[in-house]
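Here the structure is a predicted model, which means the values were calculated and not measured. Chain A is the first sequence line, chain B the second, and so forth, proteins listed ahead of strands; every chain is numbered from 1.
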Amino acid sequence: MDETVDPTLTAEHDRMATAAVASAAERCSDAEFQTLLADAVEPAYRLALRLSGHAQDAEDFVQEAALRAYRFRDSFARGTSFKAWFYRILVNLIYSRARTRRDERSYEDLADARDLYLYARTAEAGIANRDADPLGGTIARMTADEVAAALAALPDDYRTVCTLYFMDDLAYQEIADIVGVPVGTVRSRLHRGRKMLQKRLWQLARDHDIVRSDREARP
Amino acid sequence: MSIDRRLTCVEALRRLDDYLDHELPRLDAGRVEAHLRDCEACAKEFGFERSVIDQIRGKLRDVPLPDSLKGRIMTTLEGMA
(Lines give C-alpha, C1' and ligand atoms only; values in the text may rest on other atoms or scores of the structure.)
Protein backbone atom coordinates (compact mmCIF):
# COMPACT_ATOMS: atom_id res chain seq x y z
CA MET A 1 0.00 0.00 0.00
CA ASP A 2 1.25 3.49 -0.74
CA GLU A 3 1.66 5.09 2.68
CA THR A 4 3.44 8.19 1.46
CA VAL A 5 0.70 10.25 -0.14
CA ASP A 6 -2.70 10.70 1.34
CA PRO A 7 -3.86 14.19 0.38
CA THR A 8 -7.57 13.71 0.90
CA LEU A 9 -7.55 12.05 4.28
CA THR A 10 -7.69 15.28 6.22
CA ALA A 11 -10.63 16.53 4.17
CA GLU A 12 -12.40 13.22 4.60
CA HIS A 13 -11.69 13.22 8.30
CA ASP A 14 -13.12 16.71 8.64
CA ARG A 15 -16.15 15.83 6.55
CA MET A 16 -16.92 12.86 8.75
CA ALA A 17 -16.16 14.64 11.97
CA THR A 18 -18.48 17.48 11.13
CA ALA A 19 -21.20 15.30 9.64
CA ALA A 20 -24.61 15.56 11.24
CA VAL A 21 -24.60 13.69 14.51
CA ALA A 22 -27.46 11.28 15.02
CA SER A 23 -29.98 12.24 17.68
CA ALA A 24 -29.66 10.51 21.02
CA ALA A 25 -32.61 8.25 20.19
CA GLU A 26 -31.04 7.25 16.88
CA ARG A 27 -27.61 6.54 18.30
CA CYS A 28 -26.44 2.97 18.92
CA SER A 29 -24.95 1.81 22.15
CA ASP A 30 -21.31 0.70 21.99
CA ALA A 31 -22.41 -2.93 22.14
CA GLU A 32 -24.93 -2.51 19.29
CA PHE A 33 -22.35 -0.70 17.21
CA GLN A 34 -19.73 -3.39 17.75
CA THR A 35 -22.21 -6.09 16.74
CA LEU A 36 -23.03 -4.26 13.50
CA LEU A 37 -19.36 -3.76 12.79
CA ALA A 38 -18.45 -7.37 13.55
CA ASP A 39 -21.08 -8.55 11.04
CA ALA A 40 -19.71 -6.20 8.39
CA VAL A 41 -16.03 -7.13 8.67
CA GLU A 42 -16.06 -10.19 6.43
CA PRO A 43 -18.05 -8.75 3.52
CA ALA A 44 -16.02 -5.55 3.86
CA TYR A 45 -12.80 -7.55 3.53
CA ARG A 46 -14.08 -9.23 0.37
CA LEU A 47 -15.01 -5.85 -1.06
CA ALA A 48 -11.67 -4.30 -0.10
CA LEU A 49 -9.80 -7.22 -1.65
CA ARG A 50 -11.61 -6.86 -4.97
CA LEU A 51 -11.17 -3.08 -4.99
CA SER A 52 -7.51 -3.04 -3.94
CA GLY A 53 -6.39 -6.34 -5.46
CA HIS A 54 -4.09 -7.14 -2.53
CA ALA A 55 -4.91 -9.24 0.53
CA GLN A 56 -2.65 -7.38 2.95
CA ASP A 57 -3.86 -3.99 1.73
CA ALA A 58 -7.45 -5.18 2.11
CA GLU A 59 -6.82 -6.17 5.74
CA ASP A 60 -5.21 -2.81 6.47
CA PHE A 61 -8.04 -0.89 4.79
CA VAL A 62 -10.76 -2.74 6.71
CA GLN A 63 -8.94 -2.34 9.99
CA GLU A 64 -8.45 1.39 9.46
CA ALA A 65 -12.02 1.87 8.25
CA ALA A 66 -13.32 0.06 11.34
CA LEU A 67 -11.35 2.35 13.62
CA ARG A 68 -12.61 5.43 11.79
CA ALA A 69 -16.16 4.15 11.90
CA TYR A 70 -15.90 3.59 15.61
CA ARG A 71 -14.42 7.04 16.15
CA PHE A 72 -17.32 8.63 14.28
CA ARG A 73 -20.02 6.21 15.39
CA ASP A 74 -22.27 9.04 16.57
CA SER A 75 -22.87 9.99 12.93
CA PHE A 76 -24.49 6.62 12.22
CA ALA A 77 -28.25 6.62 12.82
CA ARG A 78 -29.93 3.40 13.94
CA GLY A 79 -32.41 2.16 11.33
CA THR A 80 -30.33 3.31 8.37
CA SER A 81 -28.08 0.97 6.39
CA PHE A 82 -24.99 0.29 8.46
CA LYS A 83 -23.36 -1.48 5.56
CA ALA A 84 -23.80 1.52 3.23
CA TRP A 85 -22.47 3.85 5.94
CA PHE A 86 -19.44 1.66 6.66
CA TYR A 87 -18.72 0.90 3.01
CA ARG A 88 -18.69 4.62 2.26
CA ILE A 89 -15.89 5.03 4.80
CA LEU A 90 -14.05 2.03 3.39
CA VAL A 91 -14.38 3.02 -0.28
CA ASN A 92 -13.33 6.61 0.46
CA LEU A 93 -10.30 5.29 2.28
CA ILE A 94 -9.28 2.97 -0.55
CA TYR A 95 -9.68 5.64 -3.20
CA SER A 96 -7.99 8.33 -1.18
CA ARG A 97 -4.90 6.12 -1.29
CA ALA A 98 -5.28 5.30 -4.96
CA ARG A 99 -6.02 8.82 -6.18
CA THR A 100 -2.38 9.59 -6.86
CA ARG A 101 -2.26 6.74 -9.39
CA ARG A 102 -3.83 8.09 -12.56
CA ASP A 103 -5.73 5.60 -14.66
CA GLU A 104 -4.07 5.95 -18.05
CA ARG A 105 -5.06 2.62 -19.54
CA SER A 106 -6.89 2.56 -22.86
CA TYR A 107 -10.37 1.10 -22.91
CA GLU A 108 -11.06 1.47 -26.61
CA ASP A 109 -11.41 -2.25 -27.05
CA LEU A 110 -14.35 -2.26 -24.62
CA ALA A 111 -16.19 0.59 -26.29
CA ASP A 112 -18.20 -1.66 -28.58
CA ALA A 113 -19.46 -4.08 -25.91
CA ARG A 114 -23.07 -4.74 -26.86
CA ASP A 115 -26.15 -6.07 -25.10
CA LEU A 116 -26.10 -9.82 -24.48
CA TYR A 117 -22.42 -10.01 -25.43
CA LEU A 118 -21.67 -13.42 -23.93
CA TYR A 119 -25.01 -14.77 -25.09
CA ALA A 120 -24.10 -13.94 -28.68
CA ARG A 121 -20.48 -15.15 -28.40
CA THR A 122 -21.29 -18.50 -26.76
CA ALA A 123 -24.04 -19.11 -29.30
CA GLU A 124 -21.66 -18.33 -32.18
CA ALA A 125 -19.03 -20.63 -30.65
CA GLY A 126 -21.58 -23.41 -30.29
CA ILE A 127 -20.88 -23.88 -26.58
CA ALA A 128 -24.03 -22.40 -25.00
CA ASN A 129 -25.94 -24.79 -22.76
CA ARG A 130 -23.13 -27.33 -22.73
CA ASP A 131 -23.30 -29.48 -19.59
CA ALA A 132 -26.61 -27.79 -18.71
CA ASP A 133 -24.71 -24.52 -18.15
CA PRO A 134 -26.25 -21.75 -20.27
CA LEU A 135 -22.76 -20.20 -20.56
CA GLY A 136 -21.18 -23.46 -21.67
CA GLY A 137 -18.55 -23.25 -18.91
CA THR A 138 -17.17 -19.88 -20.03
CA ILE A 139 -17.18 -18.56 -16.45
CA ALA A 140 -17.53 -21.83 -14.53
CA ARG A 141 -14.12 -22.96 -15.79
CA MET A 142 -12.42 -19.71 -14.77
CA THR A 143 -10.70 -19.24 -11.45
CA ALA A 144 -11.87 -16.54 -9.04
CA ASP A 145 -8.62 -14.67 -9.80
CA GLU A 146 -9.36 -14.72 -13.53
CA VAL A 147 -12.83 -13.25 -13.00
CA ALA A 148 -11.39 -10.68 -10.59
CA ALA A 149 -8.80 -9.74 -13.22
CA ALA A 150 -11.57 -9.12 -15.75
CA LEU A 151 -13.36 -6.87 -13.28
CA ALA A 152 -10.14 -5.04 -12.41
CA ALA A 153 -9.64 -4.32 -16.12
CA LEU A 154 -12.69 -2.05 -16.30
CA PRO A 155 -12.32 1.74 -16.21
CA ASP A 156 -12.25 2.91 -12.59
CA ASP A 157 -15.73 4.51 -12.46
CA TYR A 158 -17.33 1.36 -13.82
CA ARG A 159 -15.16 -0.98 -11.78
CA THR A 160 -16.15 0.63 -8.47
CA VAL A 161 -19.89 0.44 -9.10
CA CYS A 162 -19.68 -3.07 -10.53
CA THR A 163 -17.54 -4.31 -7.65
CA LEU A 164 -20.02 -3.01 -5.08
CA TYR A 165 -22.83 -4.63 -7.08
CA PHE A 166 -21.21 -8.04 -7.36
CA MET A 167 -19.70 -8.23 -3.89
CA ASP A 168 -22.84 -7.42 -1.94
CA ASP A 169 -26.59 -7.39 -2.37
CA LEU A 170 -26.92 -3.63 -2.53
CA ALA A 171 -29.71 -1.61 -4.12
CA TYR A 172 -28.77 1.04 -6.69
CA GLN A 173 -29.60 3.75 -4.15
CA GLU A 174 -27.23 2.23 -1.58
CA ILE A 175 -24.43 2.11 -4.17
CA ALA A 176 -25.20 5.75 -5.05
CA ASP A 177 -24.96 6.70 -1.36
CA ILE A 178 -21.64 4.90 -0.99
CA VAL A 179 -20.02 6.32 -4.11
CA GLY A 180 -21.62 9.76 -3.79
CA VAL A 181 -23.15 9.97 -7.27
CA PRO A 182 -26.81 10.17 -8.42
CA VAL A 183 -28.67 6.88 -8.71
CA GLY A 184 -29.04 7.42 -12.47
CA THR A 185 -25.25 7.49 -12.76
CA VAL A 186 -25.02 4.22 -10.86
CA ARG A 187 -27.61 2.68 -13.18
CA SER A 188 -25.81 3.72 -16.37
CA ARG A 189 -22.33 2.79 -15.07
CA LEU A 190 -23.54 -0.56 -13.83
CA HIS A 191 -25.40 -1.52 -16.99
CA ARG A 192 -22.54 -0.39 -19.21
CA GLY A 193 -19.93 -1.89 -16.91
CA ARG A 194 -21.59 -5.30 -16.99
CA LYS A 195 -21.50 -5.31 -20.79
CA MET A 196 -17.81 -4.38 -20.76
CA LEU A 197 -17.17 -7.08 -18.17
CA GLN A 198 -18.82 -9.68 -20.38
CA LYS A 199 -16.56 -8.69 -23.24
CA ARG A 200 -13.48 -8.80 -21.00
CA LEU A 201 -14.48 -12.23 -19.69
CA TRP A 202 -14.84 -13.54 -23.21
CA GLN A 203 -11.40 -12.14 -24.13
CA LEU A 204 -9.92 -13.82 -21.05
CA ALA A 205 -11.66 -17.08 -21.84
CA ARG A 206 -10.07 -17.02 -25.29
CA ASP A 207 -6.63 -15.88 -24.05
CA HIS A 208 -6.53 -18.49 -21.28
CA ASP A 209 -7.64 -21.28 -23.57
CA ILE A 210 -10.91 -21.77 -21.71
CA VAL A 211 -12.61 -21.39 -25.06
CA ARG A 212 -10.09 -23.00 -27.36
CA SER A 213 -11.65 -22.30 -30.71
CA ASP A 214 -14.96 -21.16 -32.07
CA ARG A 215 -16.31 -24.68 -31.64
CA GLU A 216 -14.34 -26.04 -28.74
CA ALA A 217 -14.23 -25.37 -24.97
CA ARG A 218 -11.68 -26.48 -22.41
CA PRO A 219 -12.82 -29.80 -20.90
CA MET B 1 -48.49 3.81 -23.56
CA SER B 2 -51.41 1.82 -22.25
CA ILE B 3 -50.80 0.01 -18.97
CA ASP B 4 -52.29 -3.18 -20.40
CA ARG B 5 -50.37 -3.18 -23.65
CA ARG B 6 -47.92 -6.04 -23.90
CA LEU B 7 -44.23 -5.27 -24.23
CA THR B 8 -42.40 -5.94 -27.46
CA CYS B 9 -39.12 -7.86 -27.33
CA VAL B 10 -37.17 -4.60 -27.74
CA GLU B 11 -39.07 -3.00 -24.86
CA ALA B 12 -38.52 -6.05 -22.67
CA LEU B 13 -34.80 -6.14 -23.46
CA ARG B 14 -34.52 -2.45 -22.60
CA ARG B 15 -35.73 -3.37 -19.11
CA LEU B 16 -33.50 -6.42 -18.72
CA ASP B 17 -30.88 -5.00 -16.33
CA ASP B 18 -33.33 -3.19 -14.08
CA TYR B 19 -35.58 -6.26 -14.00
CA LEU B 20 -32.77 -8.62 -13.01
CA ASP B 21 -31.70 -6.20 -10.28
CA HIS B 22 -35.24 -5.84 -8.88
CA GLU B 23 -35.13 -2.13 -9.67
CA LEU B 24 -38.25 -1.95 -11.83
CA PRO B 25 -41.53 -0.63 -10.44
CA ARG B 26 -43.85 -3.56 -9.67
CA LEU B 27 -46.23 -2.81 -12.53
CA ASP B 28 -43.40 -2.69 -15.04
CA ALA B 29 -41.85 -5.88 -13.65
CA GLY B 30 -45.21 -7.59 -14.08
CA ARG B 31 -45.29 -6.56 -17.74
CA VAL B 32 -41.80 -7.99 -18.26
CA GLU B 33 -42.88 -11.25 -16.63
CA ALA B 34 -45.95 -11.42 -18.83
CA HIS B 35 -43.72 -10.99 -21.88
CA LEU B 36 -41.30 -13.68 -20.70
CA ARG B 37 -44.16 -16.14 -20.24
CA ASP B 38 -45.11 -15.66 -23.87
CA CYS B 39 -41.69 -15.27 -25.50
CA GLU B 40 -39.33 -18.20 -25.29
CA ALA B 41 -36.45 -16.35 -26.96
CA CYS B 42 -36.53 -13.48 -24.45
CA ALA B 43 -36.98 -15.88 -21.55
CA LYS B 44 -33.82 -17.66 -22.68
CA GLU B 45 -31.88 -14.39 -22.95
CA PHE B 46 -33.03 -13.20 -19.53
CA GLY B 47 -32.16 -16.58 -18.00
CA PHE B 48 -28.73 -16.43 -19.58
CA GLU B 49 -28.05 -12.97 -18.18
CA ARG B 50 -29.19 -14.10 -14.73
CA SER B 51 -26.72 -17.00 -14.94
CA VAL B 52 -23.89 -14.64 -15.93
CA ILE B 53 -24.54 -12.43 -12.91
CA ASP B 54 -24.87 -15.37 -10.53
CA GLN B 55 -21.69 -17.04 -11.78
CA ILE B 56 -19.65 -13.83 -11.59
CA ARG B 57 -20.95 -13.22 -8.06
CA GLY B 58 -20.10 -16.76 -7.02
CA LYS B 59 -16.54 -16.48 -8.30
CA LEU B 60 -15.84 -13.02 -6.89
CA ARG B 61 -17.21 -13.85 -3.45
CA ASP B 62 -15.04 -16.95 -3.23
CA VAL B 63 -12.48 -15.27 -1.00
CA PRO B 64 -10.54 -16.95 1.80
CA LEU B 65 -10.84 -14.75 4.87
CA PRO B 66 -7.92 -14.06 7.17
CA ASP B 67 -8.71 -15.93 10.40
CA SER B 68 -7.65 -13.27 12.80
CA LEU B 69 -8.95 -10.09 11.15
CA LYS B 70 -12.28 -9.80 12.90
CA GLY B 71 -10.77 -10.75 16.27
CA ARG B 72 -8.02 -8.17 15.92
CA ILE B 73 -10.46 -5.41 15.06
CA MET B 74 -12.89 -6.23 17.83
CA THR B 75 -10.08 -6.45 20.39
CA THR B 76 -8.84 -3.01 19.33
CA LEU B 77 -12.33 -1.53 19.59
CA GLU B 78 -12.88 -3.03 23.02
CA GLY B 79 -9.67 -1.34 24.10
CA MET B 80 -11.01 2.00 22.84
CA ALA B 81 -14.42 1.68 24.53
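Both the backbone and the side chain of B:Glu45 come within contact range of chain A, with heavy atoms under 4.5 Å apart. Looking at B:Leu13, only its side chain comes within 4.5 Å of chain A, counting heavy atoms on both sides. In this structure, no portion of A:Phe33 lies under 4.5 Å from any heavy atom of chain B. For A:Asp145, no part lies under 4.5 angstrom from a heavy atom of chain B. A:Ala150 does not touch chain B: none of its heavy atoms, backbone or side chain, sits under 4.5 Å away.
In the model, B:Glu23 has no side-chain atom that pairs as donor or acceptor with a side-chain atom of A:Gln173 under 3.5 Å.
Of the possible donor and acceptor atoms, none in the side chain of A:Arg46 sits under 3.5 Å from a partner among the backbone N and O of B:Leu65.
You'll find the side chain of B:Lys70 stays beyond 4.5 Å of the side chain of A:Tyr45, heavy atoms only. At a threshold of 4.5 Å between non-hydrogen side-chain atoms, the residues B:Asp21 and A:Arg194 count as touching. Between A:Thr138 and B:Gln55 the shortest side-chain heavy-atom distance does not fall below 4.5 Å. Residues A:Thr143 and B:Asp62 fail the side-chain proximity criterion, which asks for heavy atoms closer than 4.5 Å. A:Leu151 has its side chain out of reach of B:Ile56: every pair of non-hydrogen atoms, C-beta onward, lies at least 4.5 Å apart. Contact annotation: the side chain of A:Leu118 approaches that of B:Phe48 to within less than 4.5 Å [non-hydrogen atoms, C-beta and beyond]. Considering only heavy atoms from C-beta on, A:Tyr70 stays 4.5 Å or farther from B:Thr76 through its side chain. Contact check for B:Asp17 versus A:Leu190: no side-chain heavy atoms found under the 4.5 Å cut-off.
Between A:Glu59 and B:Arg72 there is a salt bridge, since a side-chain N of the basic residue sits under 4.0 Å from a carboxylate O of the acidic one.
With chain B as partner, the option from A:His191, A:Gln63, A:Gln198 having the largest number of non-hydrogen pairs under 4.5 angstrom is A:His191. Contacts with chain A were tallied for B:His22, B:Glu78, B:Met74; B:Met74 has the most, counting heavy-atom pairs under 4.5 Å. The most heavy-atom pairs under 4.5 Å with chain A, out of B:Leu69, B:Leu16, B:Asp18, B:Ile73, come from B:Asp18. If you tally non-hydrogen atom pairs under 4.5 Å between each of A:Leu197, A:Asp168, A:Thr163 and chain B, the highest count goes to A:Asp168. Contact tally against chain B (heavy-atom pairs below 4.5 Å) for A:Val147, A:Leu135, A:Leu201, A:Asp30: the top residue is A:Leu135.
Expressed to the nearest 0.5 Å, how far CD1 of A:Ile139 lies from NZ of B:Lys59 amounts to 9.0 Å. The structure places CZ of B:Arg61 at 14.0 Å from CG of A:Leu49, a figure rounded to the nearest 0.5 Å. Distance CG/B:Leu60 to CZ/A:Phe166: 7.0 Å, rounded to 0.5 Å.
A 6.0 Å sphere centred on CG of B:Asp67 holds no more than 12 heavy atoms belonging to other residues, nucleotides or ligands.
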Step-by-step side chain to side chain contact (heavy atoms under 4.5 Å, CB included) determination, A:Tyr119 to B:Val52: CA-CA 9 Å; A:Tyr119 184 81; B:Val52 171; over 6 Å; no

